[in-house]
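What follows is a single structure, written as structure tokens, with notes after it.
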Amino acid sequence: MLIPHDTRIALDTVVDLVNTAPESELPASEQTDGLADVEALYDFAERHLISGVDELAEKDLRAVQDVRDRFAEIFAAPDARTAADLVNRLVAAAGTTPQLSDHDGYDWHVHYFAPDASIADHLGADCGMALAYIVVAGEQERLRRCEAPDCRRAFVDLSRNRSRRYCSSRTCGNRLHVAAYRARRKEASL
């Protein structure tokens, strides 16, 4: 699947945003929110080179957390029609304003947010359009959650044959493969 550079960046951003949410499967005492305060939001914006971020406040944090929840719904959508409806509502709420831009050493690409958009609208528009690209391409099933029993992190499966099962083959995938190997060895020794 050929994905333009700016769409890939937006997909990476939306995955990281969704993965900041507390994991509801964990006990409340073990849940942590990666966007618990405005400082964490500043860090997220800096890490993802989100342009136009000046002053952020609690209202920005709450708005981004709301957008994050809406993105999580898209990852959980049971079919493309549901995902498309969720994306349409998200992008419409962000007030998309497509504009060509060539900044920070990047060639021409499309920004889907107005120059003075809030960070929540920026994320909703740009990342929402990246998810729209996936749905339009008929690839909604590439929006996944890790299959490791103790991990529900989101990821976009960009493997050629759509076979990726874990958020990271180095952590979750390797851990499960080692556990299965040890279980087979133990079974064989009995």
Any donor-acceptor pair under 3.5 Å linking the side chain of Arg142 with the backbone of Ser159?
-> yes
Evaluate side chain to side chain contact (heavy atoms under 4.5 Å, CB included) for Glu139 paired with Val156, printing each intermediate quantity in order.
-> CA-CA 10 Å; Glu139 302 286 353; Val156 178; over 6 Å; no
Taking it one step at a time, do Asp85 and Arg89 satisfy salt bridge (charged side-chain N to carboxylate O under 4.0 Å, His left out)?
-> CA-CA 6 Å; Asp85 182 54; Arg89 285 190 271 148; 2.8 Å; yes
Taking atom CZ of Arg8 as the centre, does the number of heavy atoms from other residues, nucleotides or ligands within less than 6.0 Å exceed 12?
-> no
Stepwise side chain to side chain contact (heavy atoms under 4.5 Å, CB included) check, Phe113 with Leu123 | CA-CA 8 Å; Phe113 55 91; Leu123 290 168; over 6 Å; no
Counting distance only, does the side-chain N/O of Arg68 pair as donor-acceptor with the main-chain N or O of Phe71 below 3.5 Å?
-> no
Give the C-alpha distance, both sets of side-chain angles, the deciding distance and a yes or no for side chain to side chain contact (heavy atoms under 4.5 Å, CB included) between Ile74 and Arg70.
-> CA-CA 7 Å; Ile74 295 166; Arg70 295 170 80 188; 5.7 Å; no
Considering all heavy atoms of both residues, which atom of Asp121 and which atom of Ala117 are nearest to each other, and what is their separation?
-> CB-CB, 4.1 Å
Under the 3.5 angstrom rule, does the side chain of Arg144 hit a backbone N or O of Phe155 as a donor-acceptor pair?
-> no
Minimum heavy-atom distance between Ala132 and Val87, given as atom pair plus value = CB-CG1, 3.7 Å
Would you name the heavy atoms of Cys127 and Val14 that are closest together and state the gap between them?
-> CB-CB, 3.8 Å
Between the main-chain N or O of Ala120 and the side-chain N or O of Asp60, is there a donor-acceptor pair closer than 3.5 Å?
-> no
Could you tell me the separation between the OG1 atom of Thr7 and the CG atom of Leu11, rounded to the nearest 0.5 Å?
-> 6.5 Å
Between the CD atom in Glu147 and the SG atom in Cys172, the distance rounded to the nearest 0.5 Å is 11.0 Å
Look at the side chain of Thr97 and the backbone N and O of Gly95, then say whether any donor-acceptor pair between them is shorter than 3.5 Å.
-> yes
Tyr166 side chain vs Ala148 backbone, donor-acceptor pair below 3.5 Å = no
Identify the heavy atoms of Ala125 and Thr96 that sit nearest to each other, and give their distance.
-> CB-CG2, 3.8 Å
Just by distance, do the side chain of Gln140 and the backbone of Ala77 share a donor-acceptor pair under 3.5 Å?
-> yes
With side chain to side chain contact (heavy atoms under 4.5 Å, CB included) as the test, would you mind laying out the steps for Trp108 and Leu100 before giving the verdict?
-> CA-CA 6 Å; Trp108 289 106; Leu100 289 172; 3.9 Å; yes
Spacing of CG belonging to Asp6 relative to OH belonging to Tyr112, to within rounding of 0.5 Å = 7.0 Å
Transitively linked via ILVMFWY side-chain contacts under 4.5 Å: Leu17 with Ile3?
-> yes
Contact check, side chains of Asp33 and Gln65, non-hydrogen atoms, under 4.5 Å = yes
Of all heavy-atom pairs between Ala154 and Asn19, which one has the smallest distance, and what is that distance?
-> N-OD1, 2.6 Å
Considering non-hydrogen atoms only, spot the tightest contact between Val110 and Asp126 and give its length.
-> O-OD1, 4.2 Å
Can you measure from CG (Asp116) to NE2 (His122) and round to the nearest 0.5 angstrom?
-> 12.5 Å
